[in-house]
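First the proteins, then the strands, lettered A, B, ... as listed; each starts at 1.
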Number of protein chains: 2
Amino acid sequence: MRTVDEMVDLFKARGYRMTPQRQCIFRILQDNTSHPTAESIYRAARKQVETISLQTVYRTLNELASVGEVLPLELGTGMARFDPNTDQETHHHAVCSVCGKVRDVFAEYQGVALPDALRPDFDVVAVQVVFKGVCSACQEASRTLRAMTSRQEHKAKAKMEVVG
Amino acid sequence: MRTVDEMVDLFKARGYRMTPQRQCIFRILQDNTSHPTAESIYRAARKQVETISLQTVYRTLNELASVGEVLPLELGTGMARFDPNTDQETHHHAVCSVCGKVRDVFAEYQGVALPDALRPDFDVVAVQVVFKGVCSACQEASRTLRAMTSRQEHKAKAKMEVVG
DNA sequence: TGTTATTTGATACTTACTCCTAATAAAACT
DNA sequence: AGTTTTATTAGGAGTAAGTATCAAATAACA
């Protein structure tokens with residue numbers, strides 16, 4: 001995504017009006033690498049513009065997506081995530097299937113293209129490579145849990161499940 | 001996914017009971033290349049077992065997924081799709097962002113792996129390559145629509161939108 | 001500053017999916 | 001085969017992500 005100032009100009013050029021709510025969302029997304037959900041953006045936005053509604057967050061995110069300044073990601077974690085880094089050539093994702101966290105994967109993969117036979121039947125707009133797996137934090141957590149279970153420290157385990 | 005008979009044995013071996021509902025879902029998925037949703041499987045299943053519930057379809061699909069006999073796909077079309085072809089090496093997907101249809105893409109991509117730097121932080125279980133774009137049917141439809149609009153055949157266009 | 005069209009936020013709605021529970025039926029054991 | 005046990009089912013209620021609607025607020029611009 002561009003800078004906030006550039007986004008303001010771009011939105012105005014497209015005939016959108018500039019509101020504190022929209023600028024606030026631009027600011028939150030600016031250089032954001034946390035792959036936020038609509039909810040998490042909403043929570044951050046309320047700290048700056050107390051009366052902003054979730055509806056406005058969704059609306060603005062969809063506008064940003066339709067202008068190509070934000071990439072909506074559907075990674076099987078139950079809700080959409082929005083990535084201001086829209087580069088699809090060198091920028092992919094790793095999703096932890098335990099905690100749902102998403103990490104950027106910077107790499108350029110050669111030769112990932114539709115086979116010739118399919119080419120006439122499908123006009124490719126974007127290619128997404130998604131790595132599914134378990135992040136080191138969750139690996140560590142499950143190792144600890146297993147060790148506890150084998151020693152039958154059930155109380156500690158139960159406590160950890162509640163805390164975690 | 002394996003044959004229905006093999007699936008029956010596998011489920012029994014895992015301590016699951018064999019019911020007409022489960023076998024029916026096995027049969028529907030067998031060699032199914034349409035990337036069905038839970039809803040579409042439910043509709044097909046009701047033709048064979050009239051009283052089957054959506055809940056049972058979801059439950060069975062989750063069981064199949066946890067046993068690794070079905071691959072749940074989250075492709076940004078708003079609902080999960082279930083693929084009995086669980087080969088992740090040579091089998092990828094192309095999703096039409098207009099009609100939502102999913103096509104198989106058979107190709108083996110070399111070198112699509114996590115960069116070394118990330119390797120210790122993330123244990124990769126699966127890699128998915130997704131092509132997003134527009135299928136030929138939807139390209140054709142939008143071409144027709146544009147041609148109509150330019151000739152200002154508004155009534156025909158409106159009619160087509162309702163029909164499509 | 002006044003006018004007007006866009007945007008906002010509250011509320012209601014839709015939809016994909018899960019939870020709960022009494023009834024049912026598959027498997028285990030006579 | 002009959003009985004018991006226990007997993008499974010149907011169906012309704014519930015949840016949560018996201019969308020539609022619309023009166024009121026406000027940005028843009030004269």
### Query
For A:N62 and D:dG18, is the shortest distance between a side-chain N/O and OP1 or OP2 below 4.0 Å?
no

#### Entry: Verify same cluster id: A:V134, A:F131 (apolar side-chain graph, 4.5 Å)
no

### Query
Picking from D:dT5, C:dA16, C:dG9, which would you name as closest to the side chain of A:I52?
C:dG9

### Task
Give A:T51 one of three labels, base, sugar-phosphate or nothing, depending on what nucleic acid heavy atoms sit under 4.0 Å from its own.
sugar-phosphate

### Summary
Per nearest nucleotide of DNA chain C, the residue lying toward the 5' end, B:F82 or B:M18, is B:F82

### Message
So, does A:R59 get its side chain near the phosphate of C:dT8, meaning an N or O under 4.0 Å from OP1 or OP2?
### Response
yes

### Message
Tell me whether the side-chain N/O atoms of A:S53 come closer than 4.0 Å to OP1 or OP2 in C:dT8.
### Response
no

### Task
Look only at the side chain of B:E69 and the backbone of B:R2, and say whether a donor-acceptor pair between them is shorter than 3.5 Å.
yes

#### Entry: Which residue lies more 5' along DNA chain C, comparing B:G78 with B:T19 via nearest heavy atoms
B:G78

### Task
Grab the CE-C1' distance between A:M79 and C:dT18 for me, whole Å please.
15 Å

### Polar side chain donor-acceptor pair, B:N32 to B:S34, under 3.5 angstrom
yes

### Message
Considering every strand and a 4.0 Å limit on heavy-atom distances, what is the contact class for A:P72: base, sugar-phosphate, or nothing?
### Response
nothing

### Query
Are B:F26 and B:F11 near enough that their ring centres are under 6.0 Å apart?
yes

### Query
Whole-Å distance between C:dT7 P and A:Q55 CD?
13 Å

### Query
When the distance from NZ of B:K12 to P of D:dT8 is rounded to whole Å, what number comes out?
13 Å

### Task
Look at all strands and tell whether B:R22 reaches a base, only sugar-phosphate, or nothing, counting heavy atoms closer than 4.0 Å.
sugar-phosphate

### Query
When the ring centroid of A:Y109 is compared with that of A:H92, is the distance short of 6.0 Å?
yes

### Query
What is the bend of the helix from C:dT1-D:dA30 to C:dT30-D:dA1 when you compare the axis at one end with the axis at the other, using five pairs each and rounding to 10°?
30°

#### Entry: Side-chain donor or acceptor of A:R103 paired with backbone N/O of B:L118 under 3.5 Å
no

### Query
Can you say whether the rings of B:F106 and B:H91 are parallel (under 30°), tilted (30 to 60°) or perpendicular (over 60°)?
parallel

### Task
Indicate, with a heavy-atom threshold strictly under 4.0 Å, whether A:L54 touches base, sugar-phosphate, or nothing.
nothing

### Task
Please work out if B:Q21 contacts a base, only the sugar-phosphate, or nothing of the nucleic acid, heavy-atom cut-off 4.0 Å.
sugar-phosphate

### Query
Looking only at side-chain N and O atoms, does A:Y58 come under 4.0 Å of OP1 or OP2 in D:dT19?
no

